[in-house]
Structures are given as structure tokens and as C-alpha cells.
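Lettering follows sequence order; numbering is per chain, from 1. What you see below is based on every heavy atom in this structure, not just the backbone, and it leaves out hydrogens, waters and symmetry mates.
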There are 2 protein chains.
Amino acid sequence: MPRSPNPRRRATLASLAAELKVSRTTISNAYNRPDQLSADLRERVLAAAKEMGYAGPDPVARSLRTRKAGAFGLIITESLNYSFRDPAALDFVAGLAESCEEAGQGLLLVAAGPNRSVEEGAAAVLSAGVDGFVVYAASDDDPYLAVVQQRGVPIVIVDQPKDIQGASRVCIDDRAAMREIAEYVVGLGHREIGLLTMRLGRHWPHGDAQSAVADPERLTSQHFHVQCERILGVRDAMAGAGLNPDALTVVETYEHLPSSGGSAAAVALQANPRITALMCTADVLALSAMDHLRSRGIYVPGQMTVTGFDGVPEALARGLTTVAQPSLEKGRRAGYLLNNPPRSGIPAIEVLDTELVRGRTSGPPA
Amino acid sequence: MPRSPNPRRRATLASLAAELKVSRTTISNAYNRPDQLSADLRERVLAAAKEMGYAGPDPVARSLRTRKAGAFGLIITESLNYSFRDPAALDFVAGLAESCEEAGQGLLLVAAGPNRSVEEGAAAVLSAGVDGFVVYAASDDDPYLAVVQQRGVPIVIVDQPKDIQGASRVCIDDRAAMREIAEYVVGLGHREIGLLTMRLGRHWPHGDAQSAVADPERLTSQHFHVQCERILGVRDAMAGAGLNPDALTVVETYEHLPSSGGSAAAVALQANPRITALMCTADVLALSAMDHLRSRGIYVPGQMTVTGFDGVPEALARGLTTVAQPSLEKGRRAGYLLNNPPRSGIPAIEVLDTELVRGRTSGPPA
DNA sequence: TTGTAAGCGTTATCAG
DNA sequence: CTGATAACGCTTACAA
């Protein structure tokens, strides 16, 4: 009958060494450098460990000593419940998890979502035992950014914000990509265009309304850089075709609900009934908008052109005209950058390619 | 101009104390117990910290001292790339993340997927700085189970396996739930039934074939307990109705691909062309099977009844007859159990409710 | 092959 | 409100 693995206090490397009358080094070596001691002695150590209920070197103590945590932290400011429902965000997380796994690093989801106070979130960031952080799609004025920087570990920003001191970044050229698809839409002959976008800023001045027309001031004053860039891309295309960019009807939707796209579409068509093309800054908006249009008997693309952004599987399956972006690869690259920081010490900026997908939801205006 | 925050070596609590000529305790208190020193002194400490580039107490050292890591580990043996594509698994992760966030705990995805060797995975488990583990849907013979147990931290098992020493568990009654839906199908008059199931064991004896009929021996010898229980549930229903359970055509599919259900359906219909009902142990299988049937011109439910399991949104949207299980709640409960271990010290077993959803994919046989 | 000694950076305790 | 002391459990030169 083995001795009860229930010593008065938890077994440690030191207690094991004492028990076996060898040095702590030897125990440590038994686990970390098997070649540094005789196989025989190692067996004895492991056997004694089992008997005393010693689980092997304490990970935290080891981390303290080696200055390596064996994990990277992921900071997503949006609620996880939303992020996990957005296929693009999910692909990103999957890609990141994949490259972390490959490198033997864990991936820590830091408890810094919108459900907690900034203080609590900051505490979580400060107490995360990680070797680096990935910040996903934070707004320029995100309160956690400063806290993350304070930690003094490597940081990789994904998508936004730009210009964080010392942080590498993985992104796409949102403005150019959106300009390309907008040029395509304009080229089809559309002149009255509606643009449905996710939130542009962390604060929402429209109370309970799910969606609202974004006035020009809001377009330039806000902090979700990616959305703003995409809007600018559409304006670029319009200006390039001799249209007045200010004629673009921009509708912003605040919460990320399954019905957001439909709600925003309704607002856009109400604001400008002559719209013949609804462009969206995300596929999920476009898909929802299409459902809404169908319920109103508006035929796509005959009566209305609809475009998206992201290239998520469902959108491609439904033939949406959209911009495909490599979300999975974004995650992989982010993980890679964290594991292999640029030798120069100069932060890297990786701009990944996008591709215009001409689907079945776009055509000339009626 | 502030003094360069680039000291020869990283600032620590001790170096800050030396600089300010106060004790380490005082610095520690400045961060952890602001009420234990004068606001004035605290200001000075924080200012000096900023100047010296001190980011606050090192999380790892704090963990070592307090014996709290501030995170729970999640072990998913399936590839994350798959898990993140299965809505039920995803709901579970979302629920778990939610309850962790609520408790201010991080959630560490442990690098122990199928892409790494067991040794590497075991090392990851042993070096994860966590206060407890959640093990999601592991097979009975999963090699990481022993390693997780060795860690000596609280464990919550989700779904399977059963009977892990000292671990709490959150699950549903798979057998009863499947029996209920099978009784419904049998009650509709079906006698020739095919059952499509996910893999039953970690090893696959059929080479490159995506799906294959599972012989009786495999049904009883394998280790994915949940799938096996669901099969038993169907057999229970058949036996209860006076049918011979051995007449059930069970088709197992090994990889979790989007086309798996279709492939398995083809195998089932080939093995027994008289089948009038295809039951599936997962909605994703059923949806794929339906696509396959449509491509063959087989009408559902007129010519074939199809049922699923899980109640994922897409299945409900498509009117699939299925069993809805509370995946999100599973995650929440798992997190809750880890944060609030049963006072008695006796592991808890929580069996959550399921609900039969009679959809539009089931009807009497032709 | 094994042992010695010096940290890693923090917090708990208890006395002042 | 402040400080001295003693852990927390481990790794790693370097010496034997």
C-alpha cells in the first residue's frame, strides 16, 4: 500500500530532495535535464515523487525563475460572446491559437471585456502571467492600451489602433480594399449609395436606437480606425469617379446583433429612398441586410446591390459580393510575430492581402 | 525631460524601495492596499514608479507568493480549428469564458491539441500557471487526463469522461435524451433506422475512408462515452418498441469535416437501402446529411426523416428535428464550479436538461 | 554525476 | 502608518 500522498504540506522539490537525501539540483535535473544524472537515480526520484504526491516543478515558481510564462495574452475589448459569434474574429482566434500551440505557448483570454469595470480589467491585464500580448481590434482610445504598454512585454496589435509605441502590427489595407470594391460598385453605375458600418466610437449618442445616420462630424472624430478607413475608401472611390463623397449615406449600428444589418438598412433607405446599392463594412451586416430586403420584397441584385466585407464562409456560400480578408492568417502572423520578434528591434508592420470577390449580389442599378 | 526609463536592469519593487528609501512593504502596499499608507506617500511611490519604468508588482512573483494564478486552464483534445467551428463547442467556450470573466479569472487555452506530441502536450499541462482545469469532452483513454490529475488542482470535466477521481462534472443525460428523440422517430412508424455518429474512439481502423459502418464490437469497446451513450439511447428506444436493436445501422465518421454527415449518410444508405430515418448524434452531421440527400433528390421529410442533436442555431433555423442542449450553460456551470467548489469537498455532478425539438424534418415513413 | 549558493520579485506576519 | 524578516518553489552557474 503506497504511503498516503497527503503530507502535512504540499510536497516540493526541496522536500523531495530532503527525503531522498540528495540535492535540489538533482531533483530539478531529474525533471529538466534527464541526461544530467543516472537513469537509475532518476527512476528513484520519480518513484519517490509519485509516492509523495509531488507533481513536478511548480509552474509558477519555474516561471519566476526562468522569466518565461509559456503563454501569450489575448485582449479583446468586445464581449467574447460577440467575438465568438463573428466568424472573422473567430478565424483570427483560431489562427492565433494554432500558432501559439505550434510554439508550445498557451493562449490566455484576459478577463478584460466590457462586462467588467476598467479597474477590474486593468487588474486582469496587470496580473496576467504572459510573455506578450495580442490586442485585437481595439479603438484608439481604449483604456486598456496604456495598461498593456505598461507591462513592458512585447505587443502585437491586430487591425487597430495604429501607432502604438513599440508594438508590431498585423493588418490589411482597409482603405484601399474598400476603395476597390466601391470602385466596382460605382463602375456598375450606382450613384446613390448607402454604407452600413459597425460602431465608429465607444460612445453612442443615440440612446436606444440600434442604428442611426452618422453625421460628418462623427465620421472624423471617432476612434474605430478600421471602420473609418473603410468609409474613407468608399469616399475615395466616389471622389475618383467625380461624385460628391458627402452624398454617401453612412449608417452606424452600435450593438453587434444578428439583426443589426437589417436595422441599419432600414435606416439608410429611410434616410435616402433613392439608394440603389448598400455597401457594408462587414459580411454579417450585409447578410442581415439582405434578409431585411427580402422581407420587404426588394430583390437583390435586381433592385438593390449589396456588398460586404470579410469573406466569411456563409457570405461566400450565399454569393455575396465582398472583400475576402485572411482572418486566419492574421491570427497566425500575430502569433508568429510574438514568438519571433523582429531581430532589428524595430516593430514590424505586416499588411496582408485582400481580394475582391464579385458575387451574385451586385449588378447595375434598376 | 523625464529620466530615461531604461535602467541597467528591470525595476523591481525592491529597487523602487531603495530609491525612495522606504521599505518594500510600503511599495507593495501602495499597489495592493492603498489605505495602508498616506495618499501623499502613495503619490510619490507611483510617480517614482513611472519614472523608473516600474510596471507594478510582477504577476508571476505575486502568483508564487499568493498561490493564485488568476486563470483556469481549458483542455480541449480536439483540434481548436475544429472546436472553433462547432457551434456547440463554441457556445460552451463562450459560456466558460463568460463565467471566468465574471470571476476575474483568465481562461488559458492549453497547447495540448492533436497537432503536438503527447510529451509536448503533457509539458504544456504541467507548466500551465492555472488554479484549475476544465477538461472538455475527452475520451476515456485520453493521455492528458492523468497529467491533469497529477497537477493536483481542481478539475471540472465536461461531458466526458465519467468517473475521474475527485473531479466535478457537468453533463447532460445523453442516453435518455437520445432515447426520447428515438422514441419519437420510432413512434412515427420508422423501422429501418440509420444512425450517424462522430468518432467512437481515438483510433480509426478504416484507413482513408471518411466514414464506415461500426460493427457491434466497436460500439462497446470504444472510449468516446458520449457518442456511445447516444447510440445506446437509440437502442433503448428500439428495444422498448419491440424492435431488434442490432438492426440499427450505425455509421461512424472519423474526421470532423463539413462533409462528414453527407459521407456518412451515403455509407448508411448503401449499407441498408431500406432506411427511412437517419438519426445523427450531432446537428452538424444532420445538416450535412440533408445537403447530401437533397443532392440525390431525396426529399425530407417525405422520403427521409432526419434528426440531429445539439440544437445549434443553424439547425433550428432550418427546422431540424433535434435535441436542444444548453451548451452555453454548460460552460457557465463549469466555470462556476471551478470558482465555487462544493463545500463538502465531494465532487459535484450537474446534469443539465435537454429538450426535444420537433422540427420539420421528421414525419411518417413513405 | 552531484552539491553549493545565490538569486527570481513578491507578500504575510508581526512588531514598532 | 511603516519596516524587518521570512518565506513562496524553483533554476543555474560554478565548484567539487
Side-chain angles (χ1 to χ4, degrees), chain A residues 7-45 48-49 52-70 123 126-131 151-153, chain B residues 7-45 48-49 52-70 123 126-131 151-153:
Chain A
R8 190 133 265 116
R9 62 190 305 167
R10 223 178 143 58
T12 73
L13 185 146
S15 67
L16 196 56
E19 181 77 14
L20 284 173
K21 298 194 201 306
V22 298
S23 81
R24 298 202 297 263
T25 308
T26 300
I27 310 293
S28 177
N29 283 339
Y31 286 95
N32 302 320
R33 312 189 184 176
D35 53 316
Q36 294 296 296
L37 38 54
S38 66
D40 192 53
L41 178 53
R42 178 151 191 268
E43 277 313 308
R44 264 175 41 226
V45 170
M52 295 180 65
Y54 177 64
D58 179 293
V60 175
R62 167 186 280 157
S63 282
L64 175 61
R65 187 61 240 229
T66 61
R67 308 268 62 199
K68 299 226 165 302
L126 286 175
S127 66
V130 297
D131 303 316
R151 278 292 301 270
V153 295
Chain B
R8 190 134 263 114
R9 60 192 306 167
R10 223 177 142 59
T12 72
L13 186 147
S15 67
L16 196 55
E19 182 76 14
L20 283 173
K21 299 196 202 306
V22 297
S23 81
R24 297 199 298 262
T25 308
T26 299
I27 310 292
S28 178
N29 282 339
Y31 285 95
N32 301 320
R33 312 192 186 175
D35 52 315
Q36 293 296 296
L37 37 56
S38 67
D40 192 51
L41 178 54
R42 177 150 191 267
E43 277 313 308
R44 265 174 40 225
V45 170
M52 296 180 62
Y54 177 64
D58 179 294
V60 175
R62 167 185 283 157
S63 282
L64 174 60
R65 187 61 242 236
T66 61
R67 308 268 63 200
K68 299 228 165 301
L126 287 176
S127 66
V130 298
D131 303 316
R151 278 292 301 271
V153 296

Check Pro57(A) against Tyr31(A) and note the closest heavy-atom contact, atom names and distance.
CD-CG, 3.6 Å
With a 4.5 Å cut-off on side-chain heavy atoms, are [Y] and [X] touching?
X: Tyr54(A); Y: Leu13(A); answer: yes
X: Val22(A); Y: Ile27(A); answer: yes
X: Ser23(B); Y: Thr26(B); answer: yes
X: Ser127(A); Y: Arg62(B); answer: yes
X: Ser38(B); Y: Glu43(B); answer: no

Scan Val22(B) against the nucleic acid and name what it touches under 4.0 Å (heavy atoms): base, sugar-phosphate only, or nothing.
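It contacts sugar-phosphate atoms only.
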Pick base, sugar-phosphate or nothing for Tyr31(B), based on heavy-atom distances below 4.0 Å to the nucleic acid.
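Result for Tyr31(B) = nothing.
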Are Asp58(A) and Arg67(B) ion-paired here, with the side-chain N under 4.0 Å from a carboxylate O?
yes
[X] [atom1] - [N] [atom2] separation (whole Å):
X: Asp58(B); N: dC8(D); atom1: CG; atom2: P; result: 19 Å
X: Tyr54(B); N: dG9(C); atom1: OH; atom2: P; result: 10 Å
X: Leu20(A); N: dG3(C); atom1: CG; atom2: P; result: 10 Å
X: Leu64(B); N: dA6(D); atom1: CG; atom2: C1'; result: 13 Å
X: Arg67(B); N: dG9(C); atom1: CZ; atom2: P; result: 18 Å

Once you round to the nearest 0.5 Å, how far does OG of Ser15(A) lie from CE of Met52(A)?
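Going from the OG atom of Ser15(A) to the CE atom of Met52(A) covers 4.0 Å.
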With a 4.0 Å limit, can you tell me whether Ser23(B) has a side-chain N or O closer than that to the phosphate oxygens OP1/OP2 of dA4(D)?
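The answer is no; no side-chain N or O of Ser23(B) sits under 4.0 Å from OP1 or OP2.
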If you apply the rule side chain to side chain contact (heavy atoms under 4.5 Å, CB included), what do you find for Leu41(A) with Arg44(A), and how did you get there?
CA-CA 5 Å; Leu41(A) 178 53; Arg44(A) 264 175 41 226; 3.7 Å; yes
Under a 4.0 Å heavy-atom criterion, the protein footprint on nucleotides 11-16 of chain C, written with B, S and -, is BB----
Within residues 35-44 of chain A, those residues having any heavy atom closer than 4.0 Å to DNA chain C are Asp35(A), Gln36(A), Leu37(A), Ser38(A), Leu41(A)
